[in-house]
S.K.: 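Quick one: this structure, given as structure tokens, is what I'll be asking you about.
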Amino acid sequence: MNRKKKQIHLSKENEKVFREILTEVCKNSRLLSSNRFVQHGSTSVFRHSVAVAYVSFYIAEKYRIRVDQHALIRGALLHDYFLYDWHDKNSHHKRPHGFYHPSAALANAERDFDLNWRVKNTIKRHMFPLTPIPPKCLEGWIVCAADKICSTKETIKIIKF
């Protein structure tokens, strides 16, 4: 069966906003170093984080959801900012990774940035329902959904972002 891969694209204006925030976050953090770590399948943590941010912004644009764009993109880019290889059994990180990495990501993000409550909530609550407390803001819910979409696609290799 020959199935076409669906491409998602932001408007030109939002593409520019996305690139500006991505550049700002990369310049002022260790996000690029996450390219060394694998997240799902063969996708790096960096590529996963950029995909989640892009899909999150796309969802908000497509469904005309009024959000704090900066908080949405920044929260999505930093949601997995844990900066270690979670596959390494000898690593210092707490297990199981799925339950503990939001706290590690938030601690790292708070070291590198002055974060508003929406970004903090987005990072801390993106693993709902695996972690029991849901996000309190729309930005957090959107990133939570986009993370599940991207993780599933990366894991089963339906599409590459």
S.K.: Counting C-beta onward and ignoring hydrogens, is there a side-chain heavy-atom pair between N28 and D112 closer than 4.5 Å?
M.R.: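 No, side chains not in contact.
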
S.K.: Would you compute the distance between atom CG of D68 and atom CD1 of I73 and round it to the nearest 0.5 angstrom?
M.R.: 9.5 Å

S.K.: How many angstroms lie between atom CG of L138 and atom CD1 of I59, to the nearest 0.5 angstrom?
M.R.: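 CD1 of I59 is found 12.0 Å from CG of L138.
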
S.K.: Would a hydrophobic clustering, with Ile, Leu, Val, Met, Phe, Trp and Tyr connected at side-chain separations under 4.5 Å, put V67 with F128?
M.R.: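 No, separate clusters.
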
S.K.: Might you point out which heavy atoms bring A53 and A76 nearest each other, and give the distance in Å?
M.R.: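 Scanning both residues completely, I find the closest heavy atoms to be CA-CB, 3.3 Å.
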
S.K.: Just by distance, do the side chain of H48 and the backbone of V45 share a donor-acceptor pair under 3.5 Å?
M.R.: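 Not at all, since once roles are kept as given, no pair shorter than 3.5 Å links the two residues.
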
S.K.: Would you say P102 and H126 make side-chain contact, with heavy atoms under 4.5 Å?
M.R.: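 Yes - at least one pair of side-chain heavy atoms lies under 4.5 Å apart.
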
S.K.: Describe, in one word, how the ring planes of F18 and Y54 are oriented to each other, choosing from parallel (under 30°), tilted (30 to 60°) and perpendicular (over 60°).
M.R.: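 Geometry flag for Y54 against F18: perpendicular rings.
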
S.K.: Would you find a donor on one side and an acceptor on the other, under 3.5 Å apart, between the side chain of R36 and the backbone of S33?
M.R.: yes

S.K.: Is a donor on one side and an acceptor on the other found under 3.5 Å between the side chain of Y81 and the backbone of R30?
M.R.: yes

S.K.: With heavy-atom distances below 4.5 Å as the criterion, would you say the side chains of C137 and T122 are in contact?
M.R.: yes

S.K.: Do any N or O atoms from the side chain of N121 and from the backbone of W117 form a donor-acceptor pair under 3.5 angstrom?
M.R.: no

S.K.: Enter the distance from N108:CG to I123:CD1 here, rounded to the nearest 0.5 Å.
M.R.: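 Atom-to-atom, N108:CG and I123:CD1 are 9.5 Å apart.
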
S.K.: Compare every heavy atom of S44 with every heavy atom of S34, then report the nearest pair and how far apart it is.
M.R.: O-CB, 4.2 Å

S.K.: Answer with yes or no whether the hydrophobic clustering places I8 together with I142; edges join I, L, V, M, F, W, Y residues whose side-chain heavy atoms lie under 4.5 Å apart.
M.R.: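 Linked, I8 and I142 end up in one cluster.
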
S.K.: Which pair of non-hydrogen atoms, one from E139 and one from L72, has the smallest distance, and what is that distance?
M.R.: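 Smallest interatomic distance, heavy atoms only, reads O-CD1, 3.7 Å.
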
S.K.: With a 4.5 Å heavy-atom cut-off, do L77 and L22 have their side chains touching?
M.R.: yes

S.K.: Are any non-hydrogen side-chain atoms of H70 and V119 less than 4.5 angstrom apart?
M.R.: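 In short, these two side chains do not touch, never coming nearer than 4.5 Å.
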
S.K.: So how far is it from H79 NE2 to H101 NE2, rounded to the nearest 0.5 Å?
M.R.: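 Rounded to the nearest 0.5 Å, the NE2-NE2 separation comes out at 6.0 Å.
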
S.K.: When rounded to the nearest 0.5 angstrom, what distance separates CZ in R19 from CG in L10?
M.R.: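 If we round to the nearest 0.5 Å, R19:CZ and L10:CG are 9.0 Å apart.
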
S.K.: Calculate, to the nearest 0.5 Å, the distance between atoms NZ and OG1 belonging to K124 and T131 respectively.
M.R.: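 If we round to the nearest 0.5 Å, K124:NZ and T131:OG1 are 8.5 Å apart.
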
S.K.: Can a donor-acceptor pair be found, under 3.5 Å and without considering hydrogens, that links the side chain of E61 to the backbone of S11?
M.R.: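 Side chain of E61 to backbone of S11: a pair is present.
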
S.K.: When hydrophobic residues are tied together by side-chain contacts of less than 4.5 Å, even through go-betweens, does W141 share a cluster with F57?
M.R.: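 Hydrophobic grouping puts W141 apart from F57.
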
